[in-house]
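These numbers come from the heavy atoms of this one structure, side chains and all, not from hydrogens, waters or symmetry mates. Every chain is numbered from 1, with letters handed out A, B, ... down the list of sequences.
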Amino acid sequence: MAEKKKVKLQFVLFDSLVDEGFWHRLSSLKLDTLGIDQSPINITGFYAPCSHALNSNHMTLLAESLPPELGEQSSLEAPIVCGNRNRCPVPGVLYNTNTLESFRALDKQTLLNSEANKIWEDIRSGRAVEDSSLLSRFLLISFADLKKWSFNYRFAFPALKLDPPATLIDLRPASVYFNLEEAESLSAACNEWRNSSLTADVPFFLVSITESLATIRPLRDWEACQGDHTKILFGFYDPCHLPNYPGWPLRNLLALICSRWKLEKVHFLCYRERYGWADMKLSLVGEALVSVSQGWSDAQSIPNAVGWEQNSRCITLASSMDPTRLAISAADLNLKLMRWRALPSLNLNVVSSIKCLLLGAGTLGCQVARMLMAWGVRKITLVDSGRVAMSNPLRQSLYTFDDCLNGGEMKSKAAVKSLKQIFPAVEAEGVVMAIPMPGHPVLTQEEDGVLQDCRLLQDLIASHDAIFLLTDTRESRWLPSLFCANTNKITITAALGFDSYVVMRHGAGPLCSPPVGNESPDALSVSLDDLSTVDRGRLGCYFCNDVVAPIDSTSNRTLDQQCTVTRPGLAPIASSLAVELLMGVLHHPDGIHAPGEIATSCSGSSEQPLGILPHQIRGSLSQFSQMTLLGHASSSCTACCSTVVSEYRKRGMDFVLQAINHPTYLEDLTGLTELMKSASAFELSLDNVTDDDEDDAFI
Amino acid sequence: MGFSSNWDGTLSPNDFNISARALCEKWKVTYPVFPPWAWVPCPRPFGVTSRQVEGYLSLEGFCCPKSIEGEIDNGSSSKEEATCPTEEEAVDDATLVQRNDRELHLYDLHIVRSSSYRVPALYFRGYNCDGQPLALDDIKKDLPYHSSKILKDSRWTFMTQEEHPYLNRPWYALHPCGTSDWMKLLFDNEASVTENEEIVQQYLLSWLSVVGQVVGLRTPLEVFSKKHNAMFCSSV
């Protein structure tokens, strides 16, 4: 390039960079102010001299490139932008279209010409000499898809085309072109220019060198600079880093020089920096031949313009603009924080992939669902047959007054809606269904419906990983307990008295093989050992301690007994414990087979990071006390013993129907009838046997 | 605030400002290779009457060292896929187009004082040269090996995504909990812990020497006066 040979002068097009903040502000501007208005908006771009040997500087759009948002200033006029040394303002115009089709259909050449014409006008009128920042302009066309948070856009940097084109005689690093003295003097002058707040953002200037002394002056001083021994160069902030080519701003500078001063030979300085200081090795000095284009003297003619970027681009900002994705990442990071600091072994994948089935969407169901979400559970199905009543929202944390209107929404549906409002990424489903219950005999004409419900429940349990029994009666827990025992699902029961609660996890199903080497009967498990009815090793279910089959518990009760009248703090406590218990099971190596542990006074006794994993937790608010208990599965349990499960497997829905219609059938089948007979024979007090069950007086 | 032996490792808003200024100055003088840190003043939220000037430190457009030199491509003989080949492209043979080097990753770093933890917090984001934000996985690939190790092992530095307190957009951040603890430890080793001014001057520099490593920003030793070299070494 250094040889004195005529070649066509080529210019490197601006590179563009749009900051995320620009799109954020454009989006809110579009939503809040512009609406469907497509009129052009004046914006400001910023650039600076190249300051990196390997990277060009970009024409950059920032949030402040756009007019201020509502509240700050209502007009959409050109923003008042203050430049600085790293942000030389460049006037631009934005055409944001309402559809992708109109974005594509924009007449690009016409738009480009109209901007180029502004430059031409400024050159002819002399405004560009006074304010050289008018020499560079840009054009941005865009389509903002605010539903997908994606933005299609394309830049143009209009440049007036010289005809005939400029030819290059010489181009070399400034450090080569100048002698040492000149280079040092020029560096100092440039640094002074760049560090004065008055001139730092003025991108075009004159360099005059007289007897090795360089001074920098504004373009308007051109006449005043003329002198016999003065060398004059036209300088510009060059965003380009390439050692053999000048950057784009030179094009319009040459047009100005041609049109205004009619020069034929132009010396120019491509000013570049390194670490914020003038760098004469990176800066280039060139010599070009230009000639006044034909027709430029004609006042009416408009030069041809070029300058579109080659391709339109698309940027997607869903990760920083889609509120759902933001909520997800915030939730994830919160859990990860827990893992990083306190619980390195927390298995978030297991938690987020587990499918939970909540039977009952009342005080307990609502609260359990919330706690599950807090732990990162994403898949929740709620089953309830009721509607939201006026008395519900105060205690049932997923409902509001609106849900009670017009007879009330179905609880399971309202709960799902609410869960999605809390966290849009939750995969929640609501099922309206009554759970068939023993002791509530089925009329023949209802039989089909009930059987259908039974099958639905069966399918629901089979398709979920953990089942919560959260209904308000004892008998409604029987069928799900049986199905869970049959399919060996993790089952958690929470139940409330007036001021006491029990939370427990059911043991594994009776017909599944326990893991090897897990036969460790606890020394503290004394409850029913003496009666030799214990299915050793396996943990009991909700019905294991009962010596009566579930019957209708709501008939013949007064109103305060029928409603779930409990101390309001109880349900959240029990629900939280139920979810924590599930997390314990999920993180225990033995899972559903994990032996029940008892709380001890010495802390840190458990090997598990989440602490001990009890079988049952019982608490009382009247005493503000809580204890852990262990009860093994009973071989005459009406819900989970092998006799019952085997019988169910054999007879299926016939068995279920019989159990529902004739509660004593279950007692006969399991030997409870027999047991009670022998118990009375030994004059044993039943009260003693069922002693620790007294809190189970559920309404 | 007085720095006594029971100083808790936190920084008042005023001390943050002083310390920020000290960081800017020293950084510019001793480490010109990086872009400078600049103080960005922020308008006070409505109704706040404190006379304190709020703001944060910002270092923007720091190129990831992995970026490679952009290649030159003649616009008139474009090999790249042209979006609308039928369209008359408004370029001429005097136009050169740099091939858009999408490998170039730029980073912005902000140091913001967390008012709840009363310590500085590092916010950062990465983006392609066309402004497309980088996903966390891309950022992790940019980080030097040792920083992913630090992130994994250290109890003090872990990444979260948080709303930038002034820009109200999600940025990545190193969570500031724990910062006061280790800052206290850091200065406890110093015999001159009672010299308040010294601590304020040095606070952000020392802090940055630790957290900056996580995002691949190595604080040059020269930033520290000789006196503090020992402390710096003991901190990493």
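Options F22(A), F14(A), F151(A), Y153(A) differ in how many heavy-atom pairs under 4.5 Å they form with chain B, and the most are formed by Y153(A). For the set S56(A), P165(A), G276(A), the count of heavy-atom pairs under 4.5 angstrom toward chain B peaks at S56(A). Among G131(B), A94(B), P170(B), the residue with the largest count of heavy-atom pairs under 4.5 Å with chain A is A94(B).
Under the side-chain contact (heavy atoms from CB on, under 4.5 Å) test applied with T95(B), the options K161(A), R251(A), Q10(A) reduce to a single match, R251(A).
Remark: D19(A) CG to D130(B) CG distance equals 11.5 Å, nearest 0.5 Å. Considering CD1 of I315(A) and CG of N128(B), their distance stands at 8.5 Å, rounded to 0.5 Å. Interatomic distance, L326(A) CG to R169(B) CZ, rounded to the nearest 0.5 Å: 12.5 Å. Atoms CG and NZ, from D93(B) and K8(A) in turn, are 3.5 Å apart once rounded to the nearest 0.5 Å.
When all heavy atoms are compared, the tightest approach of Q132(B) to T316(A) is NE2-O, 2.6 Å. What you find for E20(A) and P133(B) is that their closest heavy atoms are CD-CG, 3.8 Å.
For W23(A), no part sits under 4.5 Å from any heavy atom of chain B, backbone or side chain. When heavy atoms are compared at a cutoff of 4.5 Å, F155(A) does not approach chain B at all.
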